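Data block below; observations after.
Worth saying up front: this structure is predicted, and the values here are computed from it rather than measured. A note on names: the letters A, B, ... follow the listed sequences, proteins ahead of strands, and every chain is numbered from 1.
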Protein chains: 2
Amino acid sequence: MINSPNLVAKEVCDGQETHPDLLAKAIPNLPDEREASRLADLFKALSDPTRVRIIAALLNTELCVDDLANLLDMSQSAISHQLRLLRNLHLVQFRRSGKHAFYRLVDDHVRDLFQRSREHLDC
Amino acid sequence: MINSPNLVAKEVCDGQETHPDLLAKAIPNLPDEREASRLADLFKALSDPTRVRIIAALLNTELCVDDLANLLDMSQSAISHQLRLLRNLHLVQFRRSGKHAFYRLVDDHVRDLFQRSREHLDC
DNA sequence: TAATCATATCAATACCTGCTCATATGTTCA
DNA sequence: TGAACATATGAGCAGGTATTGATATGATTA
C-alpha cells in the first residue's frame, strides 16, 4: 500500500498518513521480497529443535547419519530427512566414504550465527 | 540411544559403535532439550518473510500497527497476529500512546543477530 | 554374485502456521 | 454518552512440516 493511490492521496491532500517521519526511518531498511524470503529460509533451517541439535553436533566435527541418529536418539529416516533439508538450504554438505556419508557444516558463517545466537539466549 | 543398553553393549563387547572419536567431539556441544527448544523458538520468530520484514522495519524506529500494515501491504489483522507472536517470543515490545500502539525491538541483540545474518546472505 | 550395511526416498499421518473474516476491546473526541 | 478510530482476538481454512514405516538405492564384503 505504500505506493497505492489511496496513500498518495492522503499525503497530498490532507497529511493524514499516520507517521511519515517514522516511516521514513523504516523504509531504507526494508528488504525486497527475495531478500526477505532468503533470510526467512535461513532462519527456518534453524527453527526446529532436531535441526538445532544436528547443527550443534556438527559444530566441531563431521558425523555420519547413523552417528547422528544414535546421538540424538532419533530414527535414521528422520535424521536423513532433516539432513536433506539442511543440505538444500546449503547449511551442511557431506562426503562419501565407503558406506558412510559424513556430514559437516558448509562454512564458518553457520557456526558463527549459531554460536552467537546461543550466547544471546543467556540475556 | 546414547545411553541405551544396546549402545553400551556395543562399546563394551565388540567396539562396533560407528565413530566414537567423532562422537566424543560432538557430545560437548549438544544442547539439552530446553536449550534446543529455546534456540529453535528464537529462529522460528525470524523464519517467516512477513516477520523478517517487520523486524527490518523496526531496526531504526518504532512504528504503530497501522504504519506496519500500510508499509508492508498487509492487513491490520495479519500484522497484529504476527506482532503478538513476536511479543510472546520477547523480540518486540510496545508502548501505548493514545489510540496507537508503538512497537519496537526489545534490545540490540535482535538487531545484531538480524543484521549479521543479513550480511551472511551475501556470501 | 549374494548378503549385508548405510543411506535415501516415498507415502501417509498428525500437527502446526499464516492468513482472512468477523467481532471484541479499548481509546479519543464531539 | 455515542461515534469513530486503532488494535486485539477467535474461529476456520489452506498449505506446510516432522515423523514414521516400508522400500529403494548404492557401496562393501564374503
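- The base of C:dT7 has none of its N or O atoms less than 3.5 Å from a complementary donor or acceptor on the side chain of A:Ser77.
- Across the protein-nucleic acid pair, B:Ile79 atom CD1 and D:dA6 atom P stand 16 Å apart, rounded to whole Å.
- Of the residues near DNA chain C, B:Ser97 and B:Asp48, the one whose nearest nucleotide (by heavy atom distance) lies more toward the 5' end is B:Asp48.
- At a threshold of 4.0 angstrom between heavy atoms, the contacts of B:Ala101 are confined to the sugar-phosphate backbone, with no base atom among them.
- Taking atom CG on B:Leu68 and atom C1' on D:dA6, their separation rounds to 13 Å, with Å as the unit.
- Note: NE2 (B:His100) to C1' (C:dC29) measures 13 Å, nearest angstrom.
- A:Phe102 comes within 4.0 angstrom of no nucleic acid atom, judged by non-hydrogen atoms across all strands.
- For the pair B:Tyr103 and D:dA8, the criterion of a side-chain N or O lying under 4.0 Å from OP1 or OP2 is met.
- Within a 6.0 Å radius of CZ in A:Arg34, no more than 12 heavy atoms belonging to other residues, nucleotides or ligands are found.
- Backbone-only contact: B:Leu85 has heavy atoms under 4.0 Å from sugar-phosphate atoms and none from a base.
- A straight line from CE of A:Met74 to C1' of D:dT19 spans 7 Å, rounded to a whole angstrom.
- Of the possible donor and acceptor atoms, one in the side chain of B:Ser47 sits under 3.5 Å from a partner among the backbone N and O of B:Lys44.
- Per the geometry, CG belonging to B:Asp66 stands 14 Å off C1' belonging to D:dA4, to the nearest Å.
- With rounding to whole Å, B:Arg84 atom CZ is found 11 Å from D:dA11 atom P.
- The nearest whole Å value for the distance from the CG atom in B:Leu63 to the P atom in D:dT7 is 11 Å.
- Looking at A:Thr50, its side chain has no donor and acceptor atom pair within 3.5 Å of the base of D:dT19.
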- Task: Evaluate side chain to side chain contact (heavy atoms under 4.5 Å, CB included) for A:Ile79 paired with A:Gln82, printing each intermediate quantity in order.
- Result: CA-CA 5 Å; A:Ile79 294 294; A:Gln82 297 292 21; 5.8 Å; no
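- The aromatic ring of B:His81 does not sit over the base of C:dC19; the criterion of centres under 5.5 Å apart with planes under 30° is not met.
- B:Ser75 comes within 4.0 angstrom of the backbone, heavy atoms only, and of no base.
- Which of C:dA8, D:dT7, C:dA6 sits closest to the side chain of A:Val65 comes down to C:dA8.
- An OP1 or OP2 oxygen of D:dT29 is reached within less than 4.0 angstrom by no side-chain nitrogen or oxygen of A:Lys99.
- Put simply, A:Arg96 has no side-chain N or O that comes within less than 4.0 Å of OP1 or OP2 on C:dA6.
- Ranked by how close their nearest DNA chain D nucleotide is to the 5' end, B:Arg87 and A:Arg51 are led by B:Arg87.
- Contact annotation: the side chain of A:Arg51 never approaches that of A:Leu91 to less than 4.5 Å [non-hydrogen atoms, C-beta and beyond].
- For a distance-only test at 3.5 Å, the side chain of A:Gln76 fails to qualify as a donor-acceptor partner of the base of C:dA6.
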- Which is it for B:Leu42 and A:Leu46 under the side chain to side chain contact (heavy atoms under 4.5 Å, CB included) test, yes or no, and what are the steps along the way? CA-CA 9 Å; B:Leu42 170 61; A:Leu46 298 163; over 6 Å; no
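- The side chain of B:Thr18 lies closest to C:dA6 when the candidates are D:dT19, C:dA6, D:dA6.
- Looking at B:Asp41 and B:Arg38, no side-chain N of the basic residue comes within less than 4.0 Å of a carboxylate O on the acidic one, giving no salt bridge.
- In this entry the distance linking CZ of B:Arg95 with P of C:dG26 reads 20 Å, nearest Å.
- Checked by distance alone, A:Gln82 brings no side-chain donor or acceptor within 3.5 Å of a matching partner on the base of D:dA18.
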